[in-house]
Every structure is written in structure tokens, then in C-alpha cells.
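Heavy atoms only: backbone and side chains are in, while hydrogens, waters and symmetry mates are out.
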Amino acid sequence: MKSKAMAIGVRTRISYCALAIMTIILSVGENTMAQTKSTAVVKNIVLVHGGLVDGSGWKDVYKILKKDGYTVSIVQEPTISLPDDVAVTKRVIDSQNGPVILVGHSYGGVVITEAGNDPKVAGLVYVTAFAPDKGESAASIIKSAPPGAPAPPILPPQDGYLFLDKAKFPAAFAADVSPGLASFMADSQVPWGVEALGGAITQPAWRTKPSWYLITTEDKMIPPDAQRAMSKRAGSTVVEVKSSHSVFLSHPQAVAHLIEQAATGAVVATKEGATNAAAD
């Protein structure tokens, strides 16, 4: 009887040990799956506005991204010089707790092209934006616009700053925005430094980082064909939206959707890049 009881005790202890081991294995598996799921999407989004406007224009895009669970930061650049705007943007990038999707509208595309070289930046999103190559600037791209493209109604510089003709602002910059908002934007223009417009890129981040590009087909500030040429050169994933230059205001859902695509796609692109590097 005593031997039988001991045998039963041994079997019981073995069963408990096996159960404990299985529990540990399942726990590790669940933790691994949770970690994989949490890193499958870049959760930090940094939005960079263009010239003549400020970061408040991102409000609707911001609200959509926040609702979908992203951490969203908005850069308020002084738009006086490119180095200053890059420095301000990099301070915001540095404050993030992980990888970043960097988004730029219009002149903001110049800023993210330079600031995007930061190691935390996993991907770039150009929203009807300039995507310059090394040595190029917003000014040089405007000067080399396709033949017949409408010229932005930029007034002569005032003390080193640029503005659009207020009367022509709505049609050129915000044709599909409500008339009241377009009028307000025209009257609240942020001075855009000539130095910022002429700021040249030293190292374009899109040469080493995956990029996405939203082309606006009704744009009167950056010609659609110029957008197509820049996005093709950068190897960007492209979507086209029938919109004015102010697509972030008139179609915030389309803008947010592309940013969210980039947040997932940047992880895949990074993994593919690492695999290719290992194979080489």
C-alpha cells in the first residue's frame, strides 16, 4: 500500500510539473504574440506643416489618428530657414518613445526630407509636398515646374518674407475648402522666409527610408505632374486624390488613411531591408 501511495504521489508531482511547464510555454507564446502585434505598426506620428500656414490645419487629421490609437505630435516650425525648421522637427522626433512616421505637407516635405535621416524615422509621408533631391530646394523645384503649369501667386518678398496674394489665395491654395475658411487662411498667412524657400537638401532621407506620397490632382501650388515626378523618383507608394493643395483640410480621412498605411508598411519595409542586407 505504501509503495502504491508513493507511486501515485510521484505521478501527481509529474503531472503538476508538466502543467506548470505548459503554462510557462503558453505564457511565453502569448507574450511573444503580444509583442509582435504591438510592433507590427509604428504608433508615433509626427506632422509637419507647410509654408504660409501653421500646425493647427492638421486638427482633423490629428483627431482621426488619435481616435485610431496613434500618438500624434505636431511640429510648429518658424518657417524662417530650413536648418531651423529641421532642428525644431528633430526635437519633436527625439521626444518620441519609439519609431516615427514623419509626415510633411508642401514645404513640410522639404523639412522631412532632411529631418527624416534621424534614426527614429521609420517612414516618410509626403502630402502634396516637395520631395527634393540632394542640392534641391522648394525654390528650385518651383522654378523647374512643367511647361504650362499655373504659377503660385507669390508676392514680391517683404523684408525677406513671402506671402500669397490674398485675393488669389483661395483659388490657388484652398479651392475645395469652405469660402469662409479659405478667406480666413488668406488673412492669417504665416510669413514664409525666403531663406526657407531656398534651403537646399544635404541628404534626402527618401533614398534610404520607405516613403508614401499623396498626389492632389487639382493642385495649383505644386503641379500634379511635378508631384508625380518627385514621387516616382523617390520610389514612393502613391495615391491620388481629387483635391486642392489644402487636402489635409478638405480630405482629412484620405490623408489619415495613407498615414496609417505607412505606419504598417514601414515595419514591413524595414524587415525586408534587414533581410536583404543579411542576404548580401
Side-chain angles (χ1 to χ4, degrees), residues 45-68 70 72 74-75 77 79 101-113 123-132 138 141-142 145-146 149-150 152-154 164 168-186 188-190 192 206 211-232 234 236-263 265:
I45 311 296
V46 174
L47 305 174
V48 182
H49 65 80
L52 306 170
V53 296
D54 64 18
S56 64
W58 287 115
K59 182 179 178 180
D60 288 342
V61 174
Y62 167 90
K63 288 166 64 176
I64 294 168
L65 293 172
K66 289 287 286 186
K67 183 180 178 181
D68 290 346
Y70 292 88
V72 188
I74 298 173
V75 181
E77 315 118 88
T79 61
I101 295 297
L102 191 56
V103 184
H105 169 256
S106 194
Y107 163 72
V110 182
V111 178
I112 71 169
T113 297
L124 309 165
V125 179
Y126 292 90
V127 179
T128 182
F130 296 105
I141 293 173
I142 290 173
I154 300 175
L164 291 190
K168 297 178 181 178
F169 185 104
F173 201 100
D176 55 353
V177 172
S178 69
L181 178 54
S183 179
F184 173 79
M185 292 169 70
S188 62
Q189 294 179 61
V190 177
W192 188 11
W206 51 257
S211 63
W212 287 257
Y213 198 111
L214 188 150
I215 294 171
T216 47
T217 61
E218 306 301 309
D219 203 309
K220 299 297 189 295
M221 293 295 295
I222 304 178
D225 284 346
Q227 296 179 51
R228 293 184 182 103
M230 287 186 288
S231 59
K232 181 178 180 180
S236 305
T237 298
V238 174
V239 299
E240 295 199 7
V241 176
K242 186 177 181 180
S243 174
S244 74
H245 195 60
S246 293
V247 64
F248 57 98
L249 290 169
S250 58
H251 296 85
Q253 189 67 58
V255 175
H257 182 64
L258 183 62
I259 294 169
E260 294 185 6
Q261 281 188 334

d(I112 CD1, I101 CD1) to nearest 0.5 Å is 10.0 Å
M221 and A172 have their tightest heavy-atom pair at CG-O, 3.3 Å
CD (E77) and NE2 (H49) are apart, to the nearest 0.5 Å, by 3.5 Å
(message) Would you say S236 and S231 are linked by a side-chain donor-acceptor pair, where the criterion is simply a distance under 3.5 Å?
(response) no
Side chain proximity check, Q227 to T217, heavy atoms < 4.5 angstrom: no
**OP:** Quick one: do M185 and L249 satisfy side chain to side chain contact (heavy atoms under 4.5 Å, CB included)? Show the steps, please.
**Re:** CA-CA 11 Å; M185 292 169 70; L249 290 169; 3.6 Å; yes
*asked:* Using the rule given for side chain to side chain contact (heavy atoms under 4.5 Å, CB included), can you reason through H105 versus H245, listing the C-alpha separation, both sets of side-chain angles and the distance that settles it, and then say yes or no?
replied: CA-CA 9 Å; H105 169 256; H245 195 60; 3.7 Å; yes
When every non-hydrogen atom of F169 is compared with those of A182, the smallest separation belongs to CD2-O, 3.9 Å
Applying side chain to side chain donor-acceptor pair (under 3.5 Å) to E240 and not counting sequence neighbours gives R228
| query | Under 3.5 Å, side chain of E260 to main-chain N/O of H257, donor-acceptor pair present? | reply | no
query = Are there more than 12 heavy atoms of other residues, nucleotides or ligands under 6.0 Å from atom NZ of K66?
reply = yes
Using atom types as modelled, flag every donor-acceptor pair under 3.5 Å from a side chain in residues 51-59 to any protein atom, sequence neighbours excluded.
from : atom 1 : to  : atom 2 : distance (Å)
D54  : OD1    : S56 : N      : 3.0
D54  : OD1    : S56 : OG     : 2.5

Measuring only between side-chain heavy atoms, which start at C-beta, is V247 closer than 4.5 Å to V255? yes
Between S211 and A234, the two heavy atoms sitting closest are OG-O, 3.8 Å
Checking the side chain of S183 only, and the main-chain atoms of P179 only, is there a donor and an acceptor separated by less than 3.5 Å?
no
| message | Could you check whether any side-chain heavy atom of V125 comes within less than 4.5 Å of a side-chain heavy atom of L214, counting everything from C-beta outward? | response | no
Is a donor on one side and an acceptor on the other found under 3.5 Å between the side chain of S244 and the backbone of S246? yes
Value for CD1 (I141) from CZ (F130), rounded to nearest 0.5 Å, stands at 6.0 Å
Here the gap from I259 atom CD1 to L47 atom CG, rounded to the nearest 0.5 Å, amounts to 5.5 Å
*Verdict with supporting geometry, V190 and T79, side chain to side chain contact (heavy atoms under 4.5 Å, CB included)*: CA-CA 8 Å; V190 177; T79 61; 4.1 Å; yes
Tightest non-hydrogen contact, residues I64 and A256, listed as CG2-CB, 3.6 Å
Check your understanding: Would T128 and T216 count as a side-chain hydrogen bond (donor to acceptor under 3.5 Å, both in side chains) if you check the C-alpha gap in whole Å, the side-chain angles of each, and the deciding distance to 0.1 Å?
Key -> CA-CA 6 Å; T128 182; T216 47; 3.0 Å; yes
Can you establish whether the number of heavy atoms outside Y62 located under 6.0 Å from its atom OH is more than 12?
no
Taken to the nearest 0.5 Å, the spacing of F173 CZ from D219 CG works out to 9.0 Å
On a heavy-atom basis, the closest approach of A131 and Y126 is CB-CE2, 3.6 Å
- prompt: Quick one: does E218's side chain get under 4.5 Å of S243's, heavy atoms only?
  reply: no
CH2 (W206) and OG1 (T113) are apart, to the nearest 0.5 Å, by 8.0 Å
P150 and K220 have their tightest heavy-atom pair at CG-CD, 3.9 Å
ask   = Under 4.5 Å between any side-chain heavy atoms of Y107 and W192, yes or no?
value = yes
Sequence neighbours excluded, the answer for side chain to side chain donor-acceptor pair (under 3.5 Å) partners of Y213 is none
